[in-house]
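Have a look at the structure below before the remarks.
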Amino acid sequence: VKCTECESENISVIPFDDIEIPTLEKDSNQIELTKDVGMILSYPTVSDVQNSNIDLNSFEGVMDLLVNCIDTIYDADEVYSAKDESKKNLKGFVESLNAEQFSRLTKFFENLPALTYNLEFECMNCGHKNDIELKGLNSFFT
């Protein structure tokens, strides 16, 4: 882990038994778009995030991930499986949402449960006391 002061690399041991596994809130993946229309999203998997075709630093990449996570779209009369629709149609549906509706979708991704751990260590090079929050799998396995 790099020191926040001198950027020297330090070796740290993280006791995995001390890391709490986040719990999923019931119905947190159900996004209500209007009174009668909504979506149920699946949680992204590691393979979804590591898919070489998805660049999460670009709008297109985030849009692709979002479309891949649509499980169903429903209205007052019927439930439509995303598996029965083309990616193009699903993307068009997402692009047709207004700003408030789209914001509800992005909040789902912002609030995804993640492994977190506060790592405290003293830099072996400069002695600086570091307190770094590790969040998500990439923080733990880099």
Side-chain angles (χ1 to χ4, degrees), residues 1-125 128-142:
V1 181
K2 286 188 178 183
C3 174
T4 58
E5 186 72 22
C6 71
E7 296 190 15
S8 291
E9 290 191 13
N10 292 262
I11 296 173
S12 295
V13 176
I14 300 169
F16 283 130
D17 291 342
D18 292 350
I19 299 171
E20 291 186 34
I21 306 296
T23 57
L24 302 175
E25 292 181 27
K26 187 178 182 197
D27 298 329
S28 63
N29 62 333
Q30 184 172 342
I31 312 300
E32 188 176 287
L33 300 172
T34 69
K35 180 181 165 207
D36 295 324
V37 177
M39 302 169 72
I40 297 178
L41 301 175
S42 60
Y43 293 96
T45 64
V46 173
S47 61
D48 287 333
V49 175
Q50 291 180 339
N51 183 338
S52 60
N53 297 331
I54 295 179
D55 174 14
L56 294 178
N57 294 319
S58 70
F59 178 77
E60 281 299 316
V62 172
M63 181 65 80
D64 288 343
L65 179 63
L66 194 148
V67 167
N68 287 344
C69 290
I70 298 173
D71 187 44
T72 57
I73 299 172
Y74 61 88
D75 61 26
D77 301 319
E78 199 167 338
V79 176
Y80 309 93
S81 175
K83 293 176 184 171
D84 298 334
E85 291 295 327
S86 69
K87 297 288 183 196
K88 182 178 179 181
N89 285 348
L90 292 171
K91 188 174 180 180
F93 177 79
V94 171
E95 289 173 342
S96 73
L97 300 175
N98 65 35
E100 181 184 335
Q101 293 166 331
F102 190 78
S103 174
R104 291 179 190 166
L105 289 181
T106 58
K107 281 184 184 175
F108 168 79
F109 290 97
E110 290 169 2
N111 296 321
L112 284 175
L115 296 175
T116 57
Y117 183 78
N118 283 337
L119 177 63
E120 296 176 3
F121 68 94
E122 190 172 304
C123 179
M124 297 182 304
N125 183 50
H128 179 72
K129 291 184 181 177
N130 290 268
D131 186 5
I132 299 174
E133 180 186 48
L134 302 176
K135 186 172 183 177
L137 287 177
N138 286 340
S139 293
F140 290 93
F141 297 109
T142 55

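- Taking each heavy atom of S81 and T72 in turn, the nearest pair found is CA-CG2, 4.2 Å.
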Is there a side-chain contact (heavy atoms from CB on, under 4.5 Å) between L134 and T116? Walk through the geometry before answering. CA-CA 5 Å; L134 302 176; T116 57; over 6 Å; no
Does the pair K91 and E85 meet the rule for a salt bridge (Lys or Arg N to Asp or Glu O under 4.0 Å), with working shown? CA-CA 10 Å; K91 188 174 180 180; E85 291 295 327; over 6 Å; no
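- Annotation: the span from N89 atom CG to I70 atom CD1 amounts to 11.0 Å, rounded to 0.5 Å.
- Atom CD1 of I73 and atom CG of L90 lie 5.5 Å apart (nearest 0.5 Å).
- Separating the SG atom in C3 from the NE2 atom in H128 is a distance of 5.5 Å, to the nearest 0.5 Å.
- Shortest non-hydrogen contact noted between P44 and F109 is CG-CE2, 4.2 Å.
- Residues V37 and Q101 have side chains not in contact (no heavy-atom distance under 4.5 Å, counting atoms from C-beta outward).
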Y43 and F108: CA distance, side-chain angles, deciding distance, ring-ring contact (aromatic ring centres under 6.0 Å, His included) verdict: CA-CA 9 Å; Y43 293 96; F108 168 79; 5.3 Å; yes
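- Between atom CG of residue L97 and atom CG of residue L66 there is a gap of 8.5 Å, rounded to the nearest 0.5 Å.
- Between the side chain of N29 and the backbone N or O of L41 there is at least one donor-acceptor pair closer than 3.5 Å.
- A side-chain donor from one of Q30 and Y74 sits under 3.5 Å from a side-chain acceptor of the other.
- Taking every heavy atom of both residues into account, D75 and D77 meet most closely at OD1-N, 2.8 Å.
- In this structure a side-chain-to-backbone donor-acceptor pair under 3.5 Å is present from N10 to S8.
- No side-chain donor-acceptor contact under 3.5 Å links K2 and N130.
- The shortest distance between side-chain heavy atoms of F93 and L33 falls below 4.5 Å.
- Under a 4.0 Å N-O distance rule, the pair K88/E95 does not qualify as a salt bridge.
- Donor-acceptor pairing under 3.5 Å is lacking for the side chains of D71 and S42.
- Here the OH-CE distance, from Y80 to M39, works out to 13.5 Å after rounding to the nearest 0.5 Å.
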side-chain contact (heavy atoms from CB on, under 4.5 Å) for T4 and I132? Distances and angles first, verdict last. CA-CA 9 Å; T4 58; I132 299 174; 4.1 Å; yes
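- Side chains of V1 and L119 form a contact here, defined as non-hydrogen atoms less than 4.5 Å apart.
- For the pair E122 (side chain) and K129 (backbone), a donor-acceptor distance under 3.5 Å is absent.
- Note: E9 CD to N125 CG = 11.5 Å, rounded to the nearest 0.5 Å.
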